[in-house]
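Written below as structure tokens is the structure these notes are about.
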Amino acid sequence: MCASVVGAYVSVVVVSAQERVIRAGDVLPGIVVEESDKDPDLEVIDGNPADRDENRRAVNRPPRVLKTVASEYPEELRGSGVTGEVLVSLMVDRLGRPSHIRVDQSPDELFTDSALTSLAQWEFLPALRNGRLTNSRVRVSIAVGEEMGDSTYFRYPGGRIVLEGVTYAGRHEHEIKRVYGLRPVYPFAMLADAKPGEVVLEFSVHSDGRPYDMQVVEATHRDFALAARAAMAHWRYSPALQEGNAVAARLRYRVSFLPDQLRPDVLELARRIQAGTTEEDFVPTKVLDSAPKVLRSMMPVLPEGAAPSEGRNRVTVGIVITPSGEVLLPRIEGNPDPLVGYAAATVVPYWKFSPAYRRGGPVQVNVSLPITF
């Protein structure tokens, strides 16, 4: 199957009593139009004759979106399908430029940066009041997400996933599409030894988009298979449809674990952790001024075939938290059910922390993170 580019999309919703998607050229509903007391009104900008006629007829007009620029999907989340909603207040000035931009709500700085970079390039038709151009205030919600439903191939740091085939149970008008999927965690012992690996597995998809009946066809090592199964238990699909009804599908994937695609410093740190020679790499937690705090978290999904638990599952995952709050090298500690352990380790790289501090500066620490689900 041929490869396709994994891109990004942006949907824009104006927050009003009735939300709807705004497209280029649409009138923005629910806009508060405000005249500025400081700047003089500008004359209506000349355009083509049709525009001039419209401007002559219009006495009061809300702003319109003329141009949007798609956000770049954060590279750190590439291939996961994780989305983020960024709520922004801004002013559309008399030249149609966004200004006085304020972020009211965002799940993470990765999505904030992406949304603001694209928003700065948007263009608007400015509002009219009493026949003159005026400033206006707008509040929008920008959904930054990854468009990957048709992708048959994607690469990420340390691995590659290829969709090798799809088999449908009957006729279908709409193809199955993947809408969400976490990347497999690299088994730590294999990573520390820089061993590559590969897994081929198949599964079917429920009408609700959840994978089931997952079968490992081949694997170079048991831990690679466990990591792939645990990750794909988190995947979700928009099922194939025929006349509005879900059509069963079975998918076959090849998952490659590639240590040479990871940063050399990460590989070297894994080797030192495995060897127990990390005295110079981490600040002991007992001498920290402040411990790291969770800023973003994600709960695991229990994979099919995991050992049943009488209560909730509890797994401890060892992680490195860098001075920037990045999570590196998740490692399953203790002896939980292997699938349960890998389920917990799969989600940890998507967590975000404030860094630990020592003597006023951020430092790198090695900690144990308990996860109950």
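For the numbers below, each heavy atom of this structure counts, side chains included, while hydrogens, waters and symmetry mates do not.
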Give a yes or no on whether the backbone of [Y] and the side-chain of [X] come within a donor-acceptor separation of less than 3.5 Å.
X: Glu304; Y: Met214; value: yes
X: Arg61; Y: Pro126; value: yes
X: Arg358; Y: Val287; value: yes
X: Arg137; Y: Met91; value: no
X: His234; Y: Ala230; value: yes
X: Ser290; Y: Ala356; value: no
X: Tyr168; Y: Ile176; value: yes
X: Ser354; Y: Pro292; value: no

query = So with a 6.0 Å cut-off around CG of Asp208, is the heavy-atom count from everything else above 12?
reply =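 More than 12 heavy atoms, drawn from other residues, nucleotides or ligands, come within 6.0 Å of this atom.
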
request  = Answer yes or no: does atom NE2 of His206 have more than 12 heavy-atom neighbours from other residues, nucleotides or ligands under 6.0 Å?
outcome  =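 Yes, enclosed.
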
inquiry  = Regarding Glu202 and Arg250, does a basic nitrogen lie under 4.0 Å from an acidic carboxylate oxygen?
reply    =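 Salt bridge: yes.
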
inquiry  = One thing to verify: whether Arg359 and Asp289 come together as a salt bridge, which I'm taking to mean a side-chain N less than 4.0 angstrom from a carboxylate O.
reply    =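 No, Asp289 and Arg359 are not salt-bridged.
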
inquiry  = The criterion is salt bridge (Lys or Arg N to Asp or Glu O under 4.0 Å); which residues satisfy it with Arg254, sequence neighbours excluded?
reply    =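 Checked Arg254 against salt bridge (Lys or Arg N to Asp or Glu O under 4.0 Å); matches are Glu164, Glu198, Glu218.
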
Single-linkage hydrophobic cluster, 4.5 Å side-chain cutoff, [X] and [Y] together:
X: Val69; Y: Phe111; value: yes
X: Val200; Y: Val216; value: no
X: Val327; Y: Val317; value: yes
X: Val367; Y: Val347; value: yes
X: Tyr212; Y: Leu201; value: no

task = Measure the spacing between OG1 of Thr316 and CD1 of Ile332 and express it to the nearest 0.5 Å.
result =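 The CD1 atom of Ile332 is 11.0 Å from OG1 of Thr316, to the nearest 0.5 Å.
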
query = Atom CG in Leu369, atom CZ in Arg331: separation rounded to 0.5 Å?
reply =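 Between atom CG of Leu369 and atom CZ of Arg331 there are 11.0 Å.
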
Quick one: do the [X] and [Y] side chains pair a donor with an acceptor below 3.5 Å?
X: Asp213; Y: Ser204; result: no
X: Asn135; Y: Arg129; result: no
X: Glu333; Y: Ser368; result: yes

query = Between Ser99 and Asp93, is a side-chain hydrogen bond (donor to acceptor under 3.5 Å, both in side chains) present by the stated rule, with each step listed?
reply = CA-CA 7 Å; Ser99 65; Asp93 69 17; 4.6 Å; no

query = Hey, which of Leu267, Leu269, Val185 is the one that makes side-chain contact (heavy atoms from CB on, under 4.5 Å) with Leu329?
reply =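 Filter result, single survivor: Leu269.
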
Validation: residues 186-193 side-chain donor-acceptor distances under 3.5 Å, sequence neighbours left out:
{"unit_1": "Tyr186", "atom_1": "OH", "unit_2": "Lys195", "atom_2": "O", "d": "2.6"}

Does any part of the side chain of [Y], heavy atoms only, come nearer than 4.5 Å to the side chain of [X], both counted from C-beta?
X: Leu302; Y: Asn313; value: yes
X: Val217; Y: Arg252; value: yes
X: Arg229; Y: Phe203; value: no
X: Pro370; Y: Arg314; value: yes

message = Below 30° counts as parallel, above 60° as perpendicular, anything between as tilted: where do the rings of Tyr253 and Trp235 land?
response =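 Rings of Tyr253 and Trp235: perpendicular, over 60°.
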
request  = Check the pair Val86 / Val140 against side-chain contact (heavy atoms from CB on, under 4.5 Å), numbers first and verdict last.
outcome  = CA-CA 8 Å; Val86 182; Val140 299; over 6 Å; no

